[in-house]
Amino acid sequence: KGGRTAAGATAALSHTAALALEDRIFDGACRQAGILLVTEAMEPFHVAHAIISQPLPKGPRIAVMGTGGQCVLISDMCASLGLKIPSFDEKTRLELKKMLPDNAPTPVNTVDWAGGYRSPVDEAILIDKVASLEYIDGIVMNAPFEMTWHGLSSPEAVRNAALKASDMLRDTSQRRGKPIVTLGPTHRIILNKLNEVGVPCYDTPGDCARAMIGLVHYAEIHRREDTG
């Protein structure tokens, strides 16, 4: 809905005046009708992509994985929209730390690879561990990528690892019943693979966060309808 600010409301009077009603009334009517509200022009498409490809989360508790600034930006956007980022329990922190490079910090939630050596398959294995946690409902993470990493002998091996990781993420999401959305950029071949297997990949941390909160709200609508 437009016209949420004073300036926007004034503009709406000369365009679609029927929508220029008080926000809380409009929001309440949409909630009653089971309508998802969005704030960005492309958001309906991003949310729809997530809804048709991912299982619905049981709640708003997410885990975040990336490197450095990715983790910070994703976390800020998710928290600003009302998603929860619960701390890992001590046992999980120690187990995940063993899966990370030596220079990476002990993960509290987020999981920060700190630019260390790993393959996309290493990331997918760790994400399956995170997805197994009862108190995590969904995951926002960097997309599998095509870069030269220690232990992979050629560009072809790196690309094959990223393609395999895409399949592993799809398997984790479906087997654990928890949505996974990813943040690009990544190579076009890998992006096509993610689309093929139904793992959404978005351009910005904000797009990722809005897709995930859209899944959470859509799941709430379904639960409300199921309980009458």
ILVMFWY clustering at 4.5 Å (side-chain atoms), partners of Ile52: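 Noted: Ile52 shares its cluster with no other residue.
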What about [X] and [Y], same hydrophobic cluster or not, with Ile/Leu/Val/Met/Phe/Trp/Tyr joined at side-chain heavy-atom distances under 4.5 Å?
{"X": "Val181", "Y": "Phe145", "answer": "no"}
{"X": "Ile125", "Y": "Met65", "answer": "yes"}
{"X": "Met77", "Y": "Val47", "answer": "no"}
{"X": "Ile74", "Y": "Leu133", "answer": "no"}
{"X": "Met168", "Y": "Val140", "answer": "no"}

Residue pair [X] / [Y]: nearest heavy atoms and the distance that separates them:
{"X": "Pro107", "Y": "Arg93", "value": "O-CG, 3.1 Å"}
{"X": "Tyr135", "Y": "Asp89", "value": "OH-OD2, 2.5 Å"}
{"X": "Val130", "Y": "Ala63", "value": "CG1-CB, 3.4 Å"}
{"X": "Arg176", "Y": "Ala131", "value": "CG-CB, 3.8 Å"}
{"X": "Val199", "Y": "Ser166", "value": "CG2-O, 4.3 Å"}
{"X": "Pro86", "Y": "Ile136", "value": "CG-CD1, 3.8 Å"}

I'd like to check the side chain to side chain donor-acceptor pair (under 3.5 Å) partners of [X]; sequence neighbours left out, ordered by chain and number.
{"X": "Asp137", "answer": "Arg61"}
{"X": "Ser173", "answer": "Gln54"}
{"X": "Arg175", "answer": "Asp128, Asp171"}

Quiz item: Does Asn109 use its side chain to pair, donor to acceptor, with the backbone of Ile62 at less than 3.5 Å?
Solution: yes
For the backbone of Ser119 and the side chain of Asp122, can you confirm whether one donor and one acceptor N or O come within less than 3.5 Å of each other? yes
Sequence neighbours left out, what passes side chain to side chain contact (heavy atoms under 4.5 Å, CB included) with [X]? Give chain and number order.
{"X": "Asp167", "result": "Arg170, Lys193, Val197"}
{"X": "Asn195", "result": "His49, Leu191"}
{"X": "Lys98", "result": "none"}
{"X": "Val72", "result": "Asp76"}

message = Counting C-beta onward and ignoring hydrogens, is there a side-chain heavy-atom pair between Leu183 and Asp207 closer than 4.5 Å?
response =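 No, side chains not in contact.
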Applying salt bridge (Lys or Arg N to Asp or Glu O under 4.0 Å), can you list everything that pairs with [X], at least two apart in sequence or on another chain?
{"X": "Lys97", "answer": "none"}
{"X": "Glu40", "answer": "none"}
{"X": "Asp112", "answer": "none"}

With rounding to the nearest 0.5 angstrom, report the [atom1] to [atom2] distance, [X] to [Y].
{"X": "Thr110", "Y": "Phe88", "atom1": "OG1", "atom2": "CZ", "value": "8.0 Å"}
{"X": "Leu100", "Y": "Thr106", "atom1": "CG", "atom2": "OG1", "value": "8.5 Å"}
{"X": "Leu215", "Y": "Met212", "atom1": "CG", "atom2": "CE", "value": "6.0 Å"}
{"X": "Asp203", "Y": "Cys201", "atom1": "CG", "atom2": "SG", "value": "7.0 Å"}
{"X": "Leu169", "Y": "Thr182", "atom1": "CG", "atom2": "OG1", "value": "7.5 Å"}
{"X": "Thr67", "Y": "Met141", "atom1": "OG1", "atom2": "CE", "value": "10.5 Å"}

What's the verdict on side chain to side chain contact (heavy atoms under 4.5 Å, CB included) for Val38 and Arg210, showing C-alpha distance, side-chain angles and the deciding distance?
CA-CA 8 Å; Val38 299; Arg210 285 185 284 269; over 6 Å; no
Check your understanding: Should Lys178 and Ile139 be marked as a side chain to side chain contact (heavy atoms under 4.5 Å, CB included) after you check the CA-CA gap, both sets of side-chain angles, and the distance that decides it?
Key -> CA-CA 8 Å; Lys178 298 180 180 181; Ile139 295 166; over 6 Å; no
Assess the residue pair Leu36 and Ile51 against the criterion (side chain to side chain contact (heavy atoms under 4.5 Å, CB included)); give the C-alpha distance rounded to whole Å, side-chain angles, the decisive distance to 0.1 Å, and a yes or no. CA-CA 12 Å; Leu36 291 177; Ile51 287 173; 4.1 Å; yes
For the residue pair Thr39 and Glu43, confirm or rule out a side-chain donor-acceptor distance under 3.5 Å.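 There is such a pair (donor and acceptor under 3.5 Å, judged by atom type) between the side chains of Thr39 and Glu43.
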For Tyr202, give me all partners under ring pair (Phe, Tyr, Trp, His ring centres under 6.0 Å), at least two apart in sequence or on another chain.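 With neighbours one apart ignored, the set is His46.
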Tell me whether the count of non-hydrogen atoms from other residues, nucleotides or ligands lying under 6.0 Å of CG in Asn103 goes above 12. yes
